[in-house]
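Just so we're clear, the structure is a prediction, and the values are computed from it rather than from any experiment.
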Amino acid sequence: MSNSTPPAPAPLRILLVEFNPSGGLFQFSFQLGEALAARGHRVELLTGPRPELSPGASGLVLRDVLPTWHAGAGTVQPRLARKLRRAARAARYVAAWLRVLARLREDGVDAVVWSEWRFALDGWFVAWAGRLARGPVLALVAHEPRPVAEQRRRGSLYKSGWLLRRSLASAFHRMDAVFVLGEQAAADVRRLWPGVRRVTVIPHGDEGALAGAEVPPPEEAPPSVLFFGTWTRYKGLELLLDAFALVRRAVPEATLVVAGAVGADVDVDALRGRAARIRGVRLCPGYVPLPEVAGLVGASRVVAVPYLRGAQSGVVHLAQTFGRPVVATAVGDIPAAVADEEGGIVVPPGDTRALATGLVRLLRDPREAGRLG
């Protein structure tokens, strides 16, 4: 029997595709790319212009060649302007996909990994990519197994329609591997897209890309609650405002900061009116630049994640990166990430009073906030 050590596997040539050059999905793909490159793989990340992060010495190659766009500036445009912008962005999105396909025509890729699909045309282009890229492993990190509706309309919090479902079903079935961020998401993938070849649960990881500065512990922070991330209906911002009105009765000095880009399904004027009536609420519409994130989190004692729907939340991991406790609703895999009474407090979704009770408990007791943080 030979005692020789088996040779190390050859480095893989991995292509990551992330259309957004900023925001949580881009940050996740960037950190994933750097981690893979640090393990010796040759990793290339295709994204949009002026990405908010730049590779260090890890070996990740960042190509900002896709004609996509950054997160919104935080203002709600008139209806006609929104429609015109959507049409222009649709054309740019198609152009971005064509550039991805052009890259797949080139040689030298062992695996292609996408991060999320939201539109019917994603499924069509994935089918096209499958025909062009015969040989590489095709994979998806399914942050949301089912696309969330983020346009100004009532009804379901998820997108629907036979065309979208048929297109995405075809795309999921073409994948050699689908990665998800929790067991509930894995069950959702198998239920929504039956016949998927392989579903693998991976950990979310931290938000180290945002940890640019040291912050004080939560027990040294003022009694302030932070809601961070894109304002959109499924994240329960209206529920949080209702809860914070109750919080103010118990903790009159409490404040709430709401910071992030504004989604198309949020009425900013209505939010401003409600915030003024509640008092103690500071609205900060607009994408938060990375250098400002640490200070924003450091000025809060607790982070609120009052989602109505959702598979996972990078905001939970952001709070944990900075040692902040979380009060979150029990949707998707968020309870597993928070761990009730270990990393924060988990409450039923849609329960205003339970959300307020959890916030009051941590705002009144800095030591408890420090323990859970």
>> Going by ring pair (Phe, Tyr, Trp, His ring centres under 6.0 Å), name the residues that satisfy it together with F228, two or more places apart in sequence or in a different chain.
In response: none
>> Which heavy atom of L308 sits nearest to which heavy atom of G236, and what is that distance?
In response: CG-CA, 4.0 Å
>> I'd like to know if E44 pairs up with R103 as an ion pair, taking the criterion as any Lys NZ or Arg NE/NH1/NH2 lying under 4.0 Å from an Asp or Glu carboxylate oxygen.
In response: yes
>> Counting C-beta onward and ignoring hydrogens, is there a side-chain heavy-atom pair between T68 and P21 closer than 4.5 Å?
In response: yes
> Applying salt bridge (Lys or Arg N to Asp or Glu O under 4.0 Å), which residue pairs with at least one partner in residues 306-333 are found, sequence neighbours left out?
Replying inline: none
> How long is the gap from OG on S170 to CG on D122, to the nearest 0.5 Å?
Replying inline: 12.0 Å
>> So, using side chain to side chain contact (heavy atoms under 4.5 Å, CB included) as the criterion, who are the partners of R92 when residues are at least two apart?
In response: W69
> Got a sec, which pairs hit side chain to side chain donor-acceptor pair (under 3.5 Å) with one end in residues 360-373, sequence neighbours left out?
Replying inline: E341-R361, R361-E368, E368-R371
>> Which residues pass the ring pair (Phe, Tyr, Trp, His ring centres under 6.0 Å) test with H41, not counting sequence neighbours?
In response: none
> Can V126 and F172 be said to form a side-chain contact (heavy atoms from CB on, under 4.5 Å), step by step?
Replying inline: CA-CA 9 Å; V126 167; F172 270 89; over 6 Å; no
> Does the side chain of V305 reach to within under 4.5 Å of the side chain of V327, using non-hydrogen atoms?
Replying inline: no
> Can you find a pair of side-chain heavy atoms, one from H70 and one from P51, that are under 4.5 Å apart?
Replying inline: no
> Take atom CD in E219; do more than 12 heavy atoms of anything else shown fall under 6.0 Å from it?
Replying inline: yes
> Can any side-chain N or O of N20 pair as donor or acceptor with the backbone N or O of S22 at less than 3.5 Å?
Replying inline: no
>> Show the nearest heavy-atom pair for residues P11 and D110, with the distance to one decimal.
In response: O-OD2, 4.2 Å
>> When you compare the side chains of E18 and T47, does any donor N or O come within less than 3.5 Å of an acceptor on the partner?
In response: no
> Hey, what do you get for CG (L359) to CZ (R301), rounding to the nearest 0.5 Å?
Replying inline: 12.0 Å
>> For I345 versus V338, what's the shortest heavy-atom pair and its separation?
In response: N-CG1, 4.2 Å
> Taking C-beta and beyond as the side chain, do C284 and R282 meet within less than 4.5 Å on heavy atoms?
Replying inline: yes
> Does some side-chain heavy atom of L237 sit less than 4.5 Å from a side-chain heavy atom of F227?
Replying inline: yes
>> Check whether R233 reaches the backbone of D265 with its side chain - one donor and one acceptor, N or O, closer than 3.5 Å.
In response: no
>> Any heavy-atom pair between the side chains of L163 and W124 that's under 4.5 Å?
In response: yes
>> Please determine whether residues V315 and L290 belong to a single hydrophobic cluster, defined as Ile, Leu, Val, Met, Phe, Trp and Tyr linked transitively by side-chain heavy-atom distances below 4.5 Å.
In response: yes
> Heavy-atom distance under 4.5 Å between the side chains of P147 and E116, does that happen here?
Replying inline: no
>> When you group the ILVMFWY residues by side-chain heavy-atom contacts below 4.5 Å and let the links chain together, are L246 and L226 in the same group?
In response: no
>> Would you say the ring centers of H143 and F28 fall short of 6.0 Å from each other?
In response: yes
> Got a sec, which residues hit side chain to side chain contact (heavy atoms under 4.5 Å, CB included) with Q31, two or more places apart in sequence or on another chain?
Replying inline: D206, E207, A209
>> How close do V288 and G260 get, counting heavy atoms only, and between which atoms?
In response: CG2-N, 4.2 Å
>> Could you go through L256 and L241, starting from their C-alpha distance and side-chain angles, then the distance that decides it, and tell me whether this counts as side-chain contact (heavy atoms from CB on, under 4.5 Å)?
In response: CA-CA 9 Å; L256 168 65; L241 289 177; 3.9 Å; yes
>> If the condition is salt bridge (charged side-chain N to carboxylate O under 4.0 Å, His left out), which residues does R42 pass it with, not counting sequence neighbours?
In response: none
> Can you name the residues that form a side chain to side chain contact (heavy atoms under 4.5 Å, CB included) with A330, not counting sequence neighbours?
Replying inline: P335, V346, P349
> Can you check whether H317's main-chain N or O pairs, donor with acceptor, with T321's side chain at less than 3.5 Å?
Replying inline: yes
>> Taking V297's backbone N and O only, do any of them form a donor-acceptor pair with S300's side chain (distance below 3.5 Å, no angle check)?
In response: yes
> Taking atom CG of L16 and atom CZ of F26, what is their separation to the nearest 0.5 Å?
Replying inline: 10.5 Å
> V225 and A304: which non-hydrogen atoms are nearest, and at how many Å?
Replying inline: CG1-CB, 3.8 Å
>> For residues 247-264, which residue pairs pass the side chain to side chain donor-acceptor pair (under 3.5 Å) check, not counting sequence neighbours?
In response: S224-T255
> Roughly how far apart are H173 NE2 and L168 CG, rounded to 0.5 Å?
Replying inline: 10.5 Å
> To the nearest 0.5 Å, how far apart are CD in E106 and CG in L101?
Replying inline: 11.5 Å
> Donor-acceptor pair, T329 side chain versus Y307 backbone, under 3.5 Å?
Replying inline: yes
> Between Q27 and E52, is any side-chain donor less than 3.5 angstrom from a side-chain acceptor?
Replying inline: yes
>> Tell me every residue that passes salt bridge (charged side-chain N to carboxylate O under 4.0 Å, His left out) with E34, counting only those two or more places apart in sequence or in another chain.
In response: none
> Given the rule that I, L, V, M, F, W and Y join up when any side-chain heavy atoms are under 4.5 Å apart, are L66 and W128 in one cluster?
Replying inline: yes
>> Show, in sequence, the C-alpha distance, side-chain angles and deciding distance for W117 and L140, and conclude whether the side-chain contact (heavy atoms from CB on, under 4.5 Å) test is met.
In response: CA-CA 9 Å; W117 301 320; L140 168 71; 3.5 Å; yes
>> In this structure, would V17 and L121 fall into the same cluster of hydrophobic residues linked by side-chain contacts under 4.5 Å?
In response: yes
Between side-chain atoms of residues 189-202 and protein atoms elsewhere (two or more places apart, or another chain), which donor-acceptor pairs fall under 3.5 Å?
unit_1: R191; atom_1: NH2; unit_2: D188; atom_2: OD1; d: 3.4
unit_1: W193; atom_1: NE1; unit_2: P145; atom_2: O; d: 3.0
unit_1: R197; atom_1: NH1; unit_2: D176; atom_2: OD1; d: 2.7

>> Test of understanding: clusters of I, L, V, M, F, W, Y form through side-chain heavy atoms closer than 4.5 Å, transitively. Do L98 and F119 belong to the same one?
In response: yes
> Can you tell me how far the CD atom of Q312 sits from the CD1 atom of I334, to the nearest 0.5 Å?
Replying inline: 6.5 Å
> Which atom pair, heavy atoms only, marks the closest approach of V109 to P136?
Replying inline: O-CG, 3.3 Å
>> Among residues at least two apart in sequence or on other chains, which ones pass ring pair (Phe, Tyr, Trp, His ring centres under 6.0 Å) with F19?
In response: Y93, W97
> Would you say the side chain of F244 lies within less than 4.5 Å of the side chain of V281, judging by non-hydrogen atoms?
Replying inline: yes
>> Working note: S29 + L45, criterion side-chain contact (heavy atoms from CB on, under 4.5 Å); need CA distance, chi angles, decisive distance, verdict.
In response: CA-CA 8 Å; S29 295; L45 173 57; 4.3 Å; yes
